[in-house]
Amino acid sequence: MKVSGYQMFWLISISSMIIFSYLPIRLATEESHQDSWISILLGSMIMMAATWVILRLCQQHKDKTLVNFLKDLLGTVIGKLLVILYFILWFMQMSTITKSLVEFQNLVMLHNTPMIVILLCMLFLIAFVVYKGGITAISRCAEIIGPIFVFTFFAQLVLNPQDMNVKRILPIFVDSGWPHILKGTLYSYNYMVDPSIILMLFFFARNKRSASRAILLGTAVSMIWGVLTTLVLLSITGPFLAAQLVVPVYSLTKFIHILNFVQNIDAIFIPLWLFGAFIKLAIGLFILSYGLSEWTGFKNWKLISCILTVVLLGVVMYSSQHIELSNMLKNSFLIHFFYPAVFLVIPLMLWAISSIRQRLGT
């Protein structure tokens with residue numbers, strides 16, 4: 001299973017923009033209001049730096065996945081224990097996105113359809129593509145969907161100029177100040193992109209150099225889109241309404257009307273958003289099942305992916321009935337310890353250890 005640099009670009013950009021479209025804008029706006037675009041910009045810079053560090057680490061271990069090079073760097077026991085953090089991260093992301101996907105469909109399309117029906121249909125499709133084709137099938141889907149997906153998401157930002165008012169973004173910095181801006185960054189940057197998937201995906205890149213450029217470019221495209229989307233959303237709705245929107249990017253499509261003729265383009269946006277969520281969930285299921293296969297020594301990762309799908313179904317159904325499990329986006333432990341560890345501290349530590357060992361020739 002190999003992925004070209006072109007396919008890697010679409011995998012990274014789609015999965016990043018899907019996360020960006022749901023959580024970070026709302027979380028940043030709740031704290032820093034009209035200055036949320038500054039919070040998003042700062043968070044983008046942090047995650048871009050994290051992506052660069054992780055790429056440097058992966059380039060030092062081109063022929064190994066996260067599970068294997070952690071064993072080499074830290075030993076079998078510590079390496080296996082540390083990789084569990086990433087397994088938890090990927091599963092949490094999958095459950096959050098899956099639940100968001102179901103709620104989104106219930107909200108805009110399938111109002112009377114039971115949650116279990118939507119879940120079964122979506123998870124069956126994801127499990128099927130992972131089981132039959134693995135990362136090869138996922139990357140080919142992304143290669144087809146990607147250009148339309150990215151073009152549409154950028155195009156919608158310029159289709160409603162008559163409702164934009166720059167005054168809704170003003171004054172800059174005065175009302176919020178650095179404490180609120182940095183707090184908005186702290187809450188939102190963890191949900192902008194997920195550079196940790198590179199730790200598994202880079203192993204499957206056909207050409208490591210072109211894949212590195214594709215990953216950085218895909219991340220940059222999603223970051224630019226995120227900052228622009230925040231500015232457009234604030235200029236149309238204002239900070240207080242933006243902070244209340246469940247799916248801010250979808251709400252932008254509802255405001256679009258050109259000459260009272262071009263309206264309701266959410267009919268185009270919804271299928272693309274679902275396609276993007278499908279790509280993101282399929283990537284998560286694949287890297288998690290493949291990683292668990294290497295971690296346990298059980299070679300049939302396809303069977304593991306089927307078991308994980310059933311577990312994910314149960315977790316999403318259970319969490320939907322328990323509010324305390326559904327509202328963990330601002331959990332203090334996750335925000336202050338878990339996310340900084342998996343995105344920043346551990347990659348930096350591993351990069352430092354790997355660089356020192358290479359210089360010493362061990």
Side-chain angles (χ1 to χ4, degrees), residues 1 12 15 46-96 134-135 186 189-205 208 211-212 215 219 283-305 307-308 311-312 315 328 331-362:
M1 295 183 291
I12 297 299
S15 60
I46 293 173
M47 296 311 278
M48 197 68 189
T51 302
W52 184 82
V53 170
I54 289 175
L55 266 179
R56 296 288 293 178
L57 175 63
C58 291
Q59 288 168 351
Q60 294 175 338
H61 304 274
K62 298 178 181 180
D63 301 321
K64 296 175 182 177
T65 62
L66 171 67
V67 178
N68 289 325
F69 72 67
L70 272 179
K71 291 180 185 177
D72 293 343
L73 291 176
L74 303 176
T76 303
V77 176
I78 298 177
K80 280 194 169 185
L81 289 175
L82 198 60
V83 82
I84 292 175
L85 296 178
Y86 288 95
F87 292 159
I88 294 172
L89 171 68
W90 296 332
F91 190 83
M92 285 172 52
Q93 287 182 339
M94 288 177 61
S95 62
T96 301
I135 193 62
L186 180 65
Y189 84 93
N190 308 292
Y191 303 105
M192 290 180 185
V193 298
D194 179 18
S196 67
I197 63 175
I198 303 168
L199 294 167
M200 291 294 293
L201 288 180
F202 197 77
F203 169 75
F204 299 98
K208 308 300 183 184
S212 299
I215 289 168
T219 305
I283 293 172
L285 181 60
F286 172 75
I287 62 174
L288 184 55
S289 57
Y290 197 91
L292 281 171
S293 173
E294 292 187 319
W295 191 78
T296 59
F298 183 69
K299 295 183 179 180
N300 192 347
W301 61 268
K302 293 184 177 181
L303 177 60
I304 295 176
S305 69
I307 296 172
L308 281 174
V311 174
L312 180 62
V315 169
M328 297 184 64
N331 180 277
S332 180
F333 174 76
L334 294 179
I335 294 295
H336 295 99
F337 298 101
F338 184 75
Y339 289 133
V342 295
F343 289 141
L344 301 172
V345 178
I346 294 176
L348 278 171
M349 179 189 70
L350 294 175
W351 182 36
I353 294 173
S354 180
S355 300
I356 292 171
R357 290 186 62 174
Q358 282 190 353
R359 289 185 179 181
L360 295 177
T362 59

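Throughout, residue positions are numbered sequentially from 1 according to the sequence presented. All figures in this text were calculated on a predicted structure; none of them were measured in a lab.
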From the list Leu350, Thr76, Ile346, side-chain contact (heavy atoms from CB on, under 4.5 Å) partner of Leu70 resolves to Leu350

Looking at Phe202, I'd like to know if the NZ or CZ of Lys208 sits under 6.0 Å from its six-membered ring centre while staying within 45 degrees of the ring's axis.
yes

Knowing that exactly one of Leu82, Leu89, Val83 qualifies, which makes a side-chain contact (heavy atoms from CB on, under 4.5 Å) with Leu85?
Leu82

Compare every heavy atom of Ile197 with every heavy atom of Ser15, then report the nearest pair and how far apart it is.
OG-CD1, 4.0 Å

Any donor-acceptor pair under 3.5 Å from Ser95 side chain to Met92 backbone:
yes

Nearest-0.5 Å distance that lies between atom CD1 in Ile215 and atom CD1 in Ile54:
10.0 Å

Euclidean distance, Tyr191 OH relative to Ile335 CD1, rounded to 0.5 Å
4.5 Å

Minimum heavy-atom separation for Phe69 to Leu199, with atom names?
CZ-CD2, 3.9 Å

Scan for side chain to side chain donor-acceptor pair (under 3.5 Å) pairs involving residues 82-91, sequence neighbours excluded, and state none if there are none.
Trp90-Ser196

Search all heavy atoms of His61 against all heavy atoms of Ser354 and return the closest pair with its distance.
NE2-OG, 2.9 Å

Just do the side chain to side chain contact (heavy atoms under 4.5 Å, CB included) check on Phe87 and Val67 with the steps written out, would you?
CA-CA 10 Å; Phe87 292 159; Val67 178; 4.2 Å; yes

Just wondering, do Thr219 and Pro195 contact through their side chains at under 4.5 Å, heavy atoms?
no

For a quick test of your reading: what N or O donor-acceptor pairs under 3.5 Å do the side chains of residues 286-295 make, sequence neighbours left out?
unit_1: Ser289; atom_1: OG; unit_2: Leu285; atom_2: O; d: 2.8
unit_1: Ser289; atom_1: OG; unit_2: Phe286; atom_2: O; d: 3.0
unit_1: Ser293; atom_1: OG; unit_2: Phe298; atom_2: O; d: 2.6
unit_1: Glu294; atom_1: OE1; unit_2: Thr65; atom_2: OG1; d: 2.3
unit_1: Glu294; atom_1: OE2; unit_2: Thr65; atom_2: OG1; d: 3.4
unit_1: Glu294; atom_1: OE2; unit_2: Asn68; atom_2: ND2; d: 3.2
unit_1: Trp295; atom_1: NE1; unit_2: Lys80; atom_2: O; d: 2.9

With salt bridge (Lys or Arg N to Asp or Glu O under 4.0 Å) as the rule and sequence neighbours excluded, what pairs involving residues 47-58 come up?
none

Taking atom CG of Leu303 as the centre, does the number of heavy atoms from other residues, nucleotides or ligands within less than 6.0 Å exceed 12?
yes

According to side chain to side chain donor-acceptor pair (under 3.5 Å), who are the partners of Lys64, at least two apart in sequence or on a separate chain?
Asp72

Do Ile353 and Leu74 come close enough that some side-chain heavy atom pair is under 4.5 Å?
yes

For Ile46, side chain to side chain contact (heavy atoms under 4.5 Å, CB included) partners two or more places apart
Thr185, Tyr189, Leu344

Closest heavy-atom contact between Ser355 and Gln60?
OG-NE2, 3.1 Å

Mind checking what makes side chain to side chain donor-acceptor pair (under 3.5 Å) contact with Gln59, not counting sequence neighbours?
Ser212

List the atom of Val193, the atom of Phe343, and the distance in Å for their closest heavy-atom pair.
O-CZ, 4.4 Å

Looking at every heavy atom in both Leu186 and Asn190, which two are closest together, and how far apart are they?
O-ND2, 2.9 Å

